[in-house]
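For reference, the structure is listed below as structure tokens.
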Amino acid sequence: MLKRLFLGLLLVGVAGCAQGRSEKPLRVLFIGNSYTYVNDLPGTIGHLASAAGFQLESVEECPGGFTLKKHWESGKDQPLLLGSHFDWVVMQDQSQEPSFTVGQLRRDMYPYVRQLQTVATQVGTRPILFMTWGHQNGDPVNVPGDTFQNMN
């Protein structure tokens, strides 16, 4: 249910900013990992956009297990953002990140969100940070005693 709510909010944001542009497809870059493609986030958003009367053209850079830090360090996303015009970039970090401490997030996530955001906004692309949902039983491997609620 939460997933559908977030997807709906994403579509509303995309569609709301695209009024008057329905003749041109909205171009969206998805930077993520297996959660992005296994759950078919681009396809789901595409179907929702189509139902709302918009065309969506998506490009995915989603290697399994990738964090935004790995994306940045791979060097593939920056040229993709700079070389093509995207209306939006949806950035999704690795699913275990929500269980990590604030200190770890400050070191391993936040700087890379900011760096990708900076590159995107330089060329007029609007960034969206899509946070994943918690694992059914939390992430006890990384955080002993973790639960779904804590991870969310």
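All residue numbers refer to positions in the sequence shown, counting from 1. Because only heavy atoms are used, hydrogens play no part in the values below, and waters and symmetry mates are left out as well, while side chains stay in.
- Across all their heavy atoms, Lys76 and Pro79 have their closest contact at O-CD, 3.5 Å.
- The two atoms that bring Asp87 and Pro25 nearest to each other are OD2-O, 3.9 Å, heavy atoms only.
- Between the side chains of Ser95 and His135, at least one donor N or O lies within less than 3.5 Å of an accepting N or O.
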Which donor-acceptor pairs under 3.5 Å do the side chains of residues 65-73 make with protein atoms, sequence neighbours left out?
unit_1: Thr67; atom_1: OG1; unit_2: Lys69; atom_2: N; d: 3.4
unit_1: Thr67; atom_1: OG1; unit_2: Lys70; atom_2: N; d: 3.0
unit_1: His71; atom_1: ND1; unit_2: Asp77; atom_2: OD2; d: 2.8
unit_1: His71; atom_1: NE2; unit_2: Gly32; atom_2: O; d: 2.6

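- In this structure, the side chains of Thr36 and Pro42 come closer than 4.5 Å at one or more pairs of heavy atoms.
- Heavy atoms only, all atoms of each residue included: His85 and Gly124 are closest at CE1-O, 4.1 Å.
- Taking CD of Glu97 as the start and CG of Leu105 as the end, the distance is 6.0 Å to the nearest 0.5 Å.
- Nearest approach of Ser58 to Phe30, heavy atoms of both residues: CB-CE1, 3.7 Å.
- Remark: Phe86 pairs with no residue by the ring-ring contact (aromatic ring centres under 6.0 Å, His included) rule, at least two apart or across chains.
- The two atoms that bring Asp40 and Gly43 nearest to each other are OD1-N, 3.0 Å, heavy atoms only.
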Only distances under 3.5 Å count here; give the side-chain donor-acceptor pairs of residues 106-118 to other protein atoms, sequence neighbours excluded, each with its distance to 0.1 Å.
unit_1: Arg114; atom_1: NH1; unit_2: Tyr110; atom_2: O; d: 2.9
unit_1: Thr118; atom_1: OG1; unit_2: Arg114; atom_2: O; d: 2.8

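- Asn39 contributes no side-chain N or O that, together with a main-chain N or O of Leu41, makes up a donor-acceptor pair within less than 3.5 Å.
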Before giving the answer on side chain to side chain contact (heavy atoms under 4.5 Å, CB included), spell out for Ile128 and Met91 the whole-Å C-alpha distance, their side-chain angles and the decisive distance to 0.1 Å. CA-CA 6 Å; Ile128 296 174; Met91 300 178 289; over 6 Å; no
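- Glu57 is linked by a salt bridge (Lys or Arg N to Asp or Glu O under 4.0 Å) to Arg27, counting only residues two or more places apart in sequence or in another chain.
- Every residue two or more places apart in sequence or in another chain was checked for a side-chain hydrogen bond (donor to acceptor under 3.5 Å, both in side chains) with Glu60, and none qualifies.
- Here side chain to side chain donor-acceptor pair (under 3.5 Å) pairs that include residues 136-149, with residues two or more places apart or in two chains, are Gln96-Asp139, Ser99-Asp146, Asp139-Asn142, Thr147-Asn150.
- Among Ile31, Val89, Leu29, the single residue meeting the side-chain contact (heavy atoms from CB on, under 4.5 Å) criterion with Val59 is Leu29.
- When hydrophobic residues (I, L, V, M, F, W, Y) are linked wherever their side-chain heavy atoms come within less than 4.5 Å, the members clustered with Tyr37 are Val38.
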